[in-house]
J.: 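Got a structure for you, questions after.
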Amino acid sequence: ARLAAPLIYRAAIEARHDAVADMRAADELRTALRTTLKGAPDMQRALNRLAMQRGGPRDLLALANGLGVAQQCRAHMLEVWDKPSAGLADICSGLGVDEHEIDALRAQLSAALVAQPPVLARDGGFIADGYDEALDAARRLRDESRRVIAGLQADYAAQTEIKALKIKHNGVLGYHIDVPAAHGDKLMAPPFDATFIHRQTLANAVRFSTQKLSQLAGEISQAAETALALESDLFDRLSAACLAARPALEARAAALAELDVVAGLAELAHGRQWQRPVMHDDTRFIIEGGRHPVVEAALLTANGRFIANRCALDGAAQTAARLTLLTGPNMAGKSTFLRQNALLAILAQIGSFVPAERAEIG
């Protein structure tokens with residue numbers, strides 16, 4: 001966004017330069033912030049998905065995690081700076097908008113969600129145990145019923161002396177008793193035919209049901225549906241809480257983005273010896289020891305070196321010539337020189353330091 005819309009007001013540009021300068025000078029803080037920022041999710045995207053009713057549990061978790069990252073970054077900054085530059089002060093303020101309200105929301109989301117929720121709310125299983133009593137009760141009933149079915153399988157296997165007897169589930173029959181075809185006739189004959197109700201005969205298996213199994217299957221289905229409905233309702237409530245706090249959440253997302261940009265530009269300035277440009281309210285463009293940032297980066301990966309150059313222009317012909325005539329054969333670097341200086345102007349006006357020994361830009 002900054003590259004697409006460079007600033008044209010000197011005070012605003014220099015405020016961004018101040019922020020990069022402060023961040024460049026604070027090596028330990030910059031390292032800590034960049035490490036912390038690696039755990040920052042895209043909060044704005046998560047908010048937009050929730051607002052469009054296309055969100056899921058992972059979007060709620062992204063917001064919770066993003067709020068945690070914002071809190072850590074703000075704490076890092078407050079430990080180092082009592083009075084940061086205006087740009088960093090704005091970022092710090094954005095990371096703390098409606099602090100008490102947002103801390104409560106983050107605590108609510110953290111308590112409600114499991115560590116690895118599913119993508120879709122309809123899959124269930126994303127609300128943590130202990131968060132909602134009604135949901136816990138429905139889950140206990142569902143899980144206890146499944147344990148009862150496991151016990152029922154053991155009882156039926158012992159009663160019929162068929163060790164291969166299994167209670168299985170599929171989408172057509174639901175829960176059913178499955179025995180090898182060789183034992184099917186045994187269960188369809190007295191005394192077992194009074195208990196076991198024949199459902200289906202296959203080539204290798206015969207399937208049965210019982211009144212007790214049908215009753216348990218109904219209880220399990222009802223408990224599972226109840227649990228899923230309760231989770232769906234909790235998801236809607238948590239989503240509504242996030243959307244109610246949307247302005248504060250968006251302020252934090254924007255502040256994290258600003259902080260990421262400033263820390264990244266400061267890292268470039270530190271690691272590649274970029275210098276702060278001096279801005280003027282005129283038309284001068286004076287570059288000493290300038291380098292093309294992209295070509296230089298490509299050369300660095302191949303252990304090469306960019307040959308620095310200079311440019312001196314002034315539309316008013318006060319500090320330098322108004323015009324430079326640039327000549328040379330094909331592949332001599334004319335386009336690189338032109339693009340380099342255009343990039344230096346854009347970098348300076350987005351608030352970045354520039355790859356040059358000295359730069360004065362109107």
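Worth knowing before you read on, the calculation uses all heavy atoms, side chains too, and leaves out hydrogens, waters and symmetry mates.
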J.: For atom CZ of Arg246, is the number of surrounding heavy atoms from other residues, nucleotides or ligands below 6.0 Å larger than 12?
T.: yes
J.: Are Glu250 and Arg252 ion-paired here, with the side-chain N under 4.0 Å from a carboxylate O?
T.: no
J.: Please check this pair: side chain of Asn170 against backbone of Leu173, looking for a donor-acceptor N/O pair closer than 3.5 Å.
T.: yes
J.: Kindly write out the residues that satisfy salt bridge (charged side-chain N to carboxylate O under 4.0 Å, His left out) with Asp27, not counting sequence neighbours, or none if the list is empty.
T.: Arg30
J.: Got a second to check how far Arg305's CZ is from Leu299's CG, nearest 0.5 Å?
T.: 10.0 Å
J.: How many angstroms lie between NE2 in His76 and OG1 in Thr35, if you round to the nearest 0.5 Å?
T.: 8.0 Å
J.: What heavy-atom pair brings Val97 and Ala251 nearest, and what distance separates the two atoms?
T.: CG2-CB, 4.0 Å
J.: Please report the interatomic distance CD(Glu231) to CG(Asp233), rounded to the nearest 0.5 Å.
T.: 11.0 Å
J.: When rounded to the nearest 0.5 angstrom, what distance separates CG in Leu33 from CG in Leu29?
T.: 4.0 Å
J.: Considering all heavy atoms of both residues, which atom of Cys73 and which atom of Leu259 are nearest to each other, and what is their separation?
T.: CB-CD2, 3.7 Å
J.: How close do Ile361 and Ala345 get, heavy atom to heavy atom, and via which atoms?
T.: CD1-CA, 4.3 Å
J.: Hey, does the side chain of Lys186 reach the backbone of Thr160 with a donor-acceptor pair shorter than 3.5 angstrom?
T.: yes
J.: Sequence neighbours left out, what pairs pass salt bridge (charged side-chain N to carboxylate O under 4.0 Å, His left out) with at least one residue falling in residues 308-327?
T.: Glu288-Arg310
J.: Would you call Asp18 and Arg276 a salt bridge, using N to O less than 4.0 angstrom?
T.: yes
J.: When you measure from the side chain of Gln340 to the backbone of His292, do you find a donor-acceptor pair of N or O atoms at a distance under 3.5 Å?
T.: yes
J.: Quick check: does any side chain N or O of Ser221 sit under 3.5 Å from a backbone N or O of Gly218, one acting as donor and the other as acceptor?
T.: no
J.: Count the heavy atoms of every other residue, nucleotide or ligand shown that sit under 6.0 Å from CD of Gln222, and state whether that count exceeds 12.
T.: no
J.: How far apart are the closest heavy atoms of Ser352 and Trp274, and which atoms are they?
T.: OG-CZ3, 3.7 Å
J.: Do the side chains of Arg140 and Asp136 get close enough for a salt bridge, i.e. N-O under 4.0 angstrom?
T.: no
J.: May I ask you to decide if Gly56's main-chain N or O and Asp59's side chain share a donor-acceptor pair within less than 3.5 Å?
T.: yes
J.: When you measure from the side chain of Gln53 to the backbone N and O of Leu50, does any donor-acceptor pair fall under 3.5 Å?
T.: no
J.: Drop me the distance from Gln275's CD to Arg24's CZ, to the nearest 0.5 angstrom.
T.: 5.0 Å
J.: Write out all pairs satisfying ring-ring contact (aromatic ring centres under 6.0 Å, His included) with one or both partners inside residues 184-209, taking only residues at least two apart or from two chains.
T.: Tyr156-Phe196, His198-Phe208
J.: Which heavy-atom pair separates Ala138 from Leu230 by the least distance, and what is that distance?
T.: CB-CD1, 4.3 Å
J.: Taking atom types as modelled, is there a side-chain donor on Asp155 or Gln159 under 3.5 Å from an acceptor on the other?
T.: no
J.: Do Leu338 and Leu343 land in one hydrophobic cluster if side-chain heavy atoms of ILVMFWY residues count as linked below 4.5 Å?
T.: no
J.: Looking at Glu267 and Arg272, is there a salt bridge between them, counting it only when a charged N and a carboxylate O are closer than 4.0 Å?
T.: no
J.: Can you give me every donor-acceptor pair (side chain of residues 9-16, partner residue at least two apart or in another chain, under 3.5 Å) with its distance?
T.:
unit_1, atom_1, unit_2, atom_2, d
Arg10, NE, Glu14, OE2, 3.1
Arg10, NE, Met279, O, 3.4
Arg10, NH1, Asp281, OD2, 3.0
Arg10, NH2, Met279, O, 3.4
Arg16, NH1, Ile350, O, 3.0

J.: Verify the cluster assignment for Leu187 and Ile197: are they in a single hydrophobic cluster under the rule of side-chain heavy atoms below 4.5 Å apart?
T.: no
J.: Mind listing the side-chain donor-acceptor pairs of residues 103-127 below 3.5 Å, one per line with the distance, residues two or more places apart or on another chain?
T.:
unit_1, atom_1, unit_2, atom_2, d
Arg106, NH1, Gln71, OE1, 2.6
Ser110, OG, Arg106, O, 2.9

J.: Can you name the one residue among Val261, Leu7, Ile346, Leu347 that meets side-chain contact (heavy atoms from CB on, under 4.5 Å) with Arg2?
T.: Val261
J.: When you measure from the side chain of Arg49 to the backbone N and O of Arg54, does any donor-acceptor pair fall under 3.5 Å?
T.: yes
J.: Hey, does the side chain of Lys334 reach the backbone of Gly328 with a donor-acceptor pair shorter than 3.5 angstrom?
T.: yes
J.: Decide whether Leu78 and Ile91 are clustered together by the hydrophobic rule: side chain heavy atoms of Ile, Leu, Val, Met, Phe, Trp, Tyr closer than 4.5 Å, transitively.
T.: no
J.: Other residues, nucleotides and ligands only: do more than 12 of their heavy atoms fall within 6.0 Å of CG on Asn204?
T.: no
J.: Quick check for you: to the nearest 0.5 Å, what is the distance between His280 atom NE2 and Glu360 atom CD?
T.: 4.0 Å
J.: Hey, are Lys166 and Asp178 close enough for a salt bridge, meaning a charged N less than 4.0 Å from a carboxylate O?
T.: no
J.: Is there a path of hydrophobic side-chain contacts, each under 4.5 Å between heavy atoms of I, L, V, M, F, W or Y residues, that connects Val294 with Leu344?
T.: no
J.: Within the 3.5 Å criterion, strictly below it, is a donor on Ser209 or Ser214 matched to an acceptor on the partner's side chain?
T.: yes
J.: Donor-acceptor pair, distance only, cut-off 3.5 Å: does the side chain of Arg74 make one with the backbone of Cys92?
T.: yes
J.: Surrounding NZ of Lys168 (heavy atoms of other residues, nucleotides or ligands, distance under 6.0 Å), is the total greater than 12?
T.: no
J.: Give the minimum heavy-atom separation between Val206 and Gly184, together with the two atoms involved.
T.: CG2-CA, 3.9 Å
J.: When you group the ILVMFWY residues by side-chain heavy-atom contacts below 4.5 Å and let the links chain together, are Val295 and Leu300 in the same group?
T.: no
J.: What ring-ring contact (aromatic ring centres under 6.0 Å, His included) pairs are there with at least one residue in residues 163-191, not counting sequence neighbours?
T.: His169-Tyr175
